[in-house]
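None of these values were measured; they are calculated from a predicted model. Throughout, residue positions are numbered sequentially from 1 according to the sequence presented.
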Amino acid sequence: MTGQMTVPGALTTDLYEVSMALAYLREDMTGEAVFSLFVRKLPPHRGFLVAAGLESALSYLEGLRVGASEAAAFAEALHRPVEDLEPMRGLEFTGEVRAVPEGRIVLAGEPLLEVTAPLPQAQLVETCLLNQLSHQTTIASKAARCVLAAGGRPVVDFSLRRTHGVEAGLRMARLGALVGFAGTSDVAASAAYGIPAVGTMAHSFVEAYEDEEAAFRAFARVHPGPVTFLVDTYDTEEGVRTAARVLRDLGYGPGCAVRLDSGDLGELAVRARRILDAAGLEEVRITASGGLDEYGVDRLVRSGAPIDVYAVGTRVGVSADAPYLDSAYKLVSYDGRPVMKLSAAKVTAPGAKQVFRGPGFADVVALREEEPPPGAEPLLETVMTGGRRVAAPATLAVARERFEADLARLPDEARRVVDPVPPRPVASEALSRLTAEVRSRIEERVFGGRTTAG
């Protein structure tokens, strides 16, 4: 299908990943490493995150290979003879990945993904894995809040013209569908993922004709099915009256709509509804757009505005209020030895992990080999072994089912659009004990027994 996103290759990495991987190979440090990818803390005004980006990350890992051209590019970037990069030629990803499946709701401090692989491989993939999971989890989480704010009313994606590149637009459309959006304006995304394509008209279309009525009638002639008229090019109320007259003259009704794109959307929706109902067009819907995100949608829904469909674009496609995640990819074990970082405010926990979810999102971050607490389920699943997926990529429908199931169990205070309170996972006794032991060992070795801050 058209519009599918390109898969990053071996060159999609930061230079220091190459420097470290080369050093590991030359020093024969190829033992098994475990890296954990997680979000340190939630952005302000977020009660949860939606795990996303795994499928594209796995595609990247499956296709990763350092060939002659990649080795030459690395050598040039490092200002080294190409012969110096010979140890990296032929490098592929042969490791294991355990991850939270796309669509599941996750919290701060919980691994979204853990990589177990020879150290050079696991190091080289850091940058791209963080890129894929961080961006997509950010966007999916923002979109999910729009769905919550709409309270069951359809939400559609109009973000393509403002996203940071066309691939970001494709991802936005896909992630919107994953969390429950009803459609997208992005035709490439519609073709690639089977998402319903939606759209109306621009103000330029109306301006190109002598008046609104001529524009609406021309549009209806070319598109004889249900139509949506943009009614705020000049005077919104007059535009609604004109749209009502054209729809009634043509015998159009169910499936048709008028779109409000500016001004006081709540008040204009009330007036538009009165005009449409007075014309006998009770089944004609009202769509609202224009700078909306979950906050705007929430205010309109709470006010009782008679809006049937919400179109969100700019602010959602770039997650304007929280455009990034404080995510990290940290080494937690090497060659059987648990390791951790002690930097102030960035302390990590050692060892491969599992997250066990109990009723009410009573999450426990534990060591991988621990048994789950009574009534709890593990979140991380083995999704790749030997550098290959263990199953076919999950469909959007399956990911959406996961999201809806988790959302139904999420505490009400975490679902709030305004001032949410996120659940807080706790560490298991075994993980806490290991963390204390590793910290003590490091402090003894590095500081002669003096403790560190943080």
Side-chain angles (χ1 to χ4, degrees), residues 36-39 41-43 45-58 97-114 132-152 155 171-172 174-182 294 297-298 316 319 322 325 327 353-366 372-383 391 393-417 419-426:
S36 184
L37 193 158
F38 59 97
V39 176
K41 60 182 179 180
L42 297 185
H45 314 300
R46 293 289 188 273
F48 62 92
L49 297 173
V50 180
L54 176 61
E55 294 302 338
S56 58
L58 295 181
V97 177
R98 297 166 54 253
V100 178
E102 282 195 317
R104 298 222 61 173
I105 290 177
V106 292
L107 307 172
E110 298 178 344
L112 279 77
L113 172 149
E114 287 201 333
Q132 297 297 298
L133 271 71
S134 298
H135 173 249
Q136 294 184 62
T137 297
T138 296
I139 299 301
S141 304
K142 178 77 170 175
R145 284 165 51 82
C146 293
V147 171
L148 278 171
V155 181
R171 295 203 190 285
M172 171 63 223
R174 178 181 178 274
L175 297 167
L178 188 154
V179 299
F181 278 28
E294 72 268 39
V297 173
D298 181 66
V316 179
S319 189
L325 291 177
S327 54
K353 298 174 188 69
Q354 179 58 273
V355 180
F356 296 113
R357 174 154 296 162
F361 273 68
D363 288 8
V364 178
V365 182
E377 61 165 333
L379 292 191
L380 278 78
E381 301 176 1
T382 300
V383 294
T395 65
L396 273 176
V398 168
R400 183 166 172 171
E401 288 174 3
R402 294 188 192 119
F403 167 70
E404 291 173 347
D406 272 3
L407 188 65
R409 294 192 290 265
L410 188 67
D412 289 344
E413 59 267 25
R415 295 163 56 102
R416 291 199 300 253
V417 170
D419 297 328
V421 179
R424 294 185 180 277
V426 299

Fill in: Partner residues of Glu413 under the salt bridge (charged side-chain N to carboxylate O under 4.0 Å, His left out) criterion, sequence neighbours left out
none
Worksheet item: How about Val316 and Met172: do any of their side-chain heavy atoms sit closer than 4.5 Å?
Response: yes
Worksheet item: So do the side chains of Val355 and Pro425 get within less than 4.5 Å of each other, counting heavy atoms only?
Response: no
Worksheet, complete the sentence: d(Thr137 OG1, His135 NE2) to nearest 0.5 Å is 10.0 Å
Fill in: Nearest heavy atoms of Ser141 and Val50, plus distance in Å
OG-N, 2.9 Å
Discussion item. Any heavy-atom pair between the side chains of Pro422 and Phe361 that's under 4.5 Å?
Written reply: no
Discussion item. Main chain of Arg98, side chain of Thr382: is a donor-acceptor contact present, judged purely on distance under 3.5 Å?
Written reply: no
Practice prompt. Could I get the full list of side-chain contact (heavy atoms from CB on, under 4.5 Å) partners for Ser56, not counting sequence neighbours?
Written response: Gln132, Gln136, Arg171
Worksheet item: CD/Glu55 to OG1/Thr395 distance, rounded to the nearest 0.5 angstrom?
Response: 9.5 Å
Discussion item. Applying salt bridge (charged side-chain N to carboxylate O under 4.0 Å, His left out), can you list everything that pairs with Asp406, at least two apart in sequence or on another chain?
Written reply: Arg104, Arg357, Arg409
Worksheet item: Roughly how far apart are Arg416 CZ and Glu294 CD, rounded to 0.5 Å?
Response: 14.5 Å
Worksheet item: Which pair of non-hydrogen atoms, one from Leu396 and one from Arg174, has the smallest distance, and what is that distance?
Response: CD2-O, 3.6 Å
Worksheet item: About how many Å separate CZ of Phe38 and CG of Leu112, when rounded to the nearest 0.5 Å?
Response: 10.5 Å
Practice prompt. List the atom of Ala57, the atom of Leu133, and the distance in Å for their closest heavy-atom pair.
Written response: CB-CD1, 3.6 Å
Item to complete: Measure across Val147 and Gly180 and return the closest heavy-atom pair with its distance rounded to 0.1 Å.
Response: CG2-C, 4.2 Å
Item to complete: Of all the heavy-atom pairs spanning Asp298 and Ala149, show the shortest one and how long it is.
Response: N-CB, 3.8 Å
Practice prompt. Determine whether Leu107 and Pro423 make a side-chain contact, defined as any pair of heavy atoms from C-beta on separated by less than 4.5 Å.
Written response: yes
Item to complete: Indicate the atoms forming the closest heavy-atom contact of Val383 with Ala99, along with that distance.
Response: CG2-CB, 4.2 Å
Worksheet item: Is there a donor-acceptor contact under 3.5 Å from the side chain of Glu110 to the main chain of Val365?
Response: no
Worksheet item: Any side-chain heavy-atom pair from Arg415 and Asp412 closer than 4.5 angstrom?
Response: yes
Practice prompt. Give a yes or no on whether a salt bridge exists between Arg402 and Glu102, defined as a side-chain N under 4.0 angstrom from a carboxylate O.
Written response: no
Worksheet item: Would you call Leu325 and Leu49 a side-chain contact if the rule is heavy atoms closer than 4.5 Å?
Response: yes
Practice prompt. With the side chain counted from C-beta on, respond yes when Ile105 and Leu410 share a heavy-atom pair under 4.5 Å apart, and no when they do not.
Written response: yes
